Amino acid sequence: MAVLFALFFFVSMALSARIRPYFTNFNGTEYFREEVLPAVSDVLSPSPTPSPSGSASGSRFPDTHATDFRIHDPNIILVGDTYYAYSVGPGILIHESSSMEGPWTQTGTVLNGNSVIQKGDNKSPWAPNTIQIGDTFYCYYSVSNSGCRDSAIGVATSSSPGPGGWTDHGMIIQSGTGEGSDIAPLNTSNTIDPNVFVDFDGTAYLVFGSFWSGLWEVELNDDFISVASFPHEVQDSDADDGKEGQSAAAATQPASLSASHLGAEPGKVWRSRKSNKNAKKVDKNGSPVCGDPTGGHPIEGGFLYYHAPYYYMWFSWGRCCEFKDPAMRDTGKEYRIRVGRSEDVKGPFVDKAGIDLVDGGGETVYGTNGDVFAPGGQGVLTDAFGDVLFYHYLNRSVSYDFSDARLGYNRLEYIDGWPVAVY
Ligand SMILES: *[C@@H]1O[C@H](CO)[C@@H](O)[C@H](O)[C@H]1NC(C)=O
Ligand SMILES: *[C@@H]1O[C@H](CO)[C@@H](O)[C@H](O)[C@H]1NC(C)=O
Ligand SMILES: *[C@@H]1O[C@H](CO)[C@@H](O)[C@H](O)[C@H]1NC(C)=O
């Protein structure tokens with residue numbers, strides 16, 4: 001497939017430039033740490049000659065904690081003394097370890113077979129997100145096909161985080177095709193990359209989105225497996241099941257889904273592909289569901305986390321994959337981990353310059369450095385020492401192959417309320 005080199009226009013952001021030296025105490029000992037950081041805009045600008053020096057010295061980012069755990073879009077939770085990682089693979093893979101560095105052992109899967117959702121890659125659901133609410137573990141997952149927004153988010157539950165005992169409840173929301181997919185904002189978004197966050201009042205929010213109109217947040221019902229007003233399985237009003245009145249009412253109910261827009265990439269960061277194997281698939285309005293005709297708007301992998309006194313909206317910006325083609329590597333458009341913050345769970349989330357994430361704002365917390373290339377698909381967890389930022393990355397001394405992505409992680413410090421990756 002021909003690579004389209006666009007004359008990208010990139011709105012370079014006038015973001016803050018340097019972070020001063022600071023104290024860190026993540027391992028219980030306060031010590032001084034010094035970093036010289038280039039301006040964020042230098043990093044965001046396409047760089048024709050990145051230096052794959054193999055060393056992160058002089059980089060604005062600290063080294064990663066490298067692991068040999070092959071994973072994409074890692075989702076890791078700590079339950080007791082055990083770390084559980086959930087990731088894409090047949091039935092959603094579960095790995096366990098007694099530490100972040102590993103060794104990580106696959107202990108089984110969430111689903112015994114395909115997801116009950118009849119859409120996309122339901123054999124190997126993408127980008128799972130598992131959380132514990134009360135005594136129950138909820139594993140949110142997505143089914144889709146690459147480059148298409150014909151997707152859905154589903155959920156499975158279990159009384160334990162490991163394999164066995166999971167019940168698949170199927171779809172929560174969907175986009176592209178199918179019931180409810182014409183409701184805003186599902187008609188302009190891609191329902192993948194689920195992330196569920198439970199606020200202090202017990203309300204659960206589902207964050208989702210990838211490319212197109214970006215990142216969105218909807219409130220879940222108290223069952224944590226459904227969304228208010230989303231018309232599931234609306235029956236024909238002439239169905240002969242004795243529920244005509246009810247069905248007619250449901251069918252005429254104004255379709256609505258109250259959603260907060262959390263982030264977007266308004267820029268056309270790359271051109272749309274001329275063709276896509278599924279290009280003929282269209283939504284109810286006749287718009288293509290595979291390939292965005294307005295170009296690539298690379299924002300995805302939203303992850304909402306709280307660290308007093310702010311809510312942080314983490315996301316991945318840029319191109320995640322396709323780096324086997326050397327021409328795709330040094331464009332300055334590869335994945336990086338960015339964040340915005342808010343005092344409200346529903347946003348607006350802004351960066352240091354006050355730019356709203358829906359206007360393209362976002363602080364870059366971790367990006368390409370040394371061997372580390374295109375880190376993203378991130379999440380955050382808290383252990384006894386504080387917050388840990390985890391993600392996948394490619395080791396550019398080894399391979400640019402999608403399947404060679406590894407788990408990496410860094411401790412987080414908060415400087416003036418802004419997260420900074422430290423080693
Ligand atoms: C904390 O980390 C620093 C830097 O890596 C190290 O010098 C120090 O020994 C560590 N302290 C403990 C208690 O692990
Ligand atoms: C990358 O791979 C090289 C060669 O195996 C290894 O020495 C280095 O530690 C790796 N770096 C990272 C960040 O994984
Ligand atoms: C999405 O749906 C809303 C109504 O729910 C409508 O106003 C809007 O025009 C639709 N957008 C597209 C792109 O179809």
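In listed order, ligands and their atoms are each counted from 1. Not measured: the values here are computed from a predicted model. The residues of the chain are indexed from 1 along the displayed sequence.
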Quick check: does any side chain N or O of [X] sit under 3.5 Å from a backbone N or O of [Y], one acting as donor and the other as acceptor?
X	Y	answer
Asn285	Ser287	no
His392	Asp73	yes
Asp193	Phe208	no

**Sub-4.0 Å heavy-atom contact, Asp283 with ligand 3** = no
**Message:** With no hydrogens and no angle check, just 3.5 Å: does a side-chain donor-acceptor pair link Tyr393 and Asn369?
**Reply:** no
**Message:** Would Ser397 count as a polar contact of ligand 2, with the cut-off being nitrogen or oxygen pairs under 3.5 Å?
**Reply:** no
Closest non-hydrogen atom pair between [X] and [Y], with its separation:
X	Y	value
Glu217	Leu262	CB-CD1, 3.7 Å
Leu186	Arg149	O-NH2, 2.7 Å
Phe197	Tyr311	CE2-CE2, 3.6 Å

**Message:** Under the criterion side chain to side chain donor-acceptor pair (under 3.5 Å), I'd like the reasoning laid out for Tyr391 against Thr64: C-alpha separation, chi angles, the key distance, then a yes or no.
**Reply:** CA-CA 10 Å; Tyr391 46 84; Thr64 185; 2.6 Å; yes
Considering non-hydrogen atoms of the protein only, which is the closest contact for [atom], and what is the distance?
atom	result
atom 10 (C) of ligand 2	Asn395 ND2, 2.4 Å
atom 9 (O) of ligand 2	Asp371 OD2, 4.5 Å
atom 4 (C) of ligand 2	Val398 CG2, 4.0 Å

Could you tell me which atoms of ligand 3, counted from 1 in the order shown, lie closer than 4.0 angstrom to a heavy atom of [X]?
X	result
Asn285	14 (O)
Asp182	2 (O)
Ala184	2 (O), 3 (C), 5 (O)

**Request:** Before signing off on this row, confirm whether Asn187 and ligand 3 have an N or O atom pair separated by under 3.5 Å.
**Result:** yes
**Prompt:** Do Leu357 and Leu215 come close enough that some side-chain heavy atom pair is under 4.5 Å?
**Reply:** no
**Sub-4.0 Å atoms of ligand 2 with respect to non-hydrogen atoms of Tyr393** = 12 (C), 13 (C), 14 (O)
**Request:** Any atoms of ligand 2 less than 4.0 Å from a non-hydrogen atom of Thr64? List them with their elements.
**Result:** 13 (C)
**Asked** Where on Asp63 is there a heavy atom closer than 4.0 Å to ligand 2, on the side chain, on the backbone, on both, or on neither?
**Response** neither
**Asked** Is atom 2 (O) of ligand 2 in close reach of the protein, with a heavy atom under 4.0 Å away?
**Response** yes
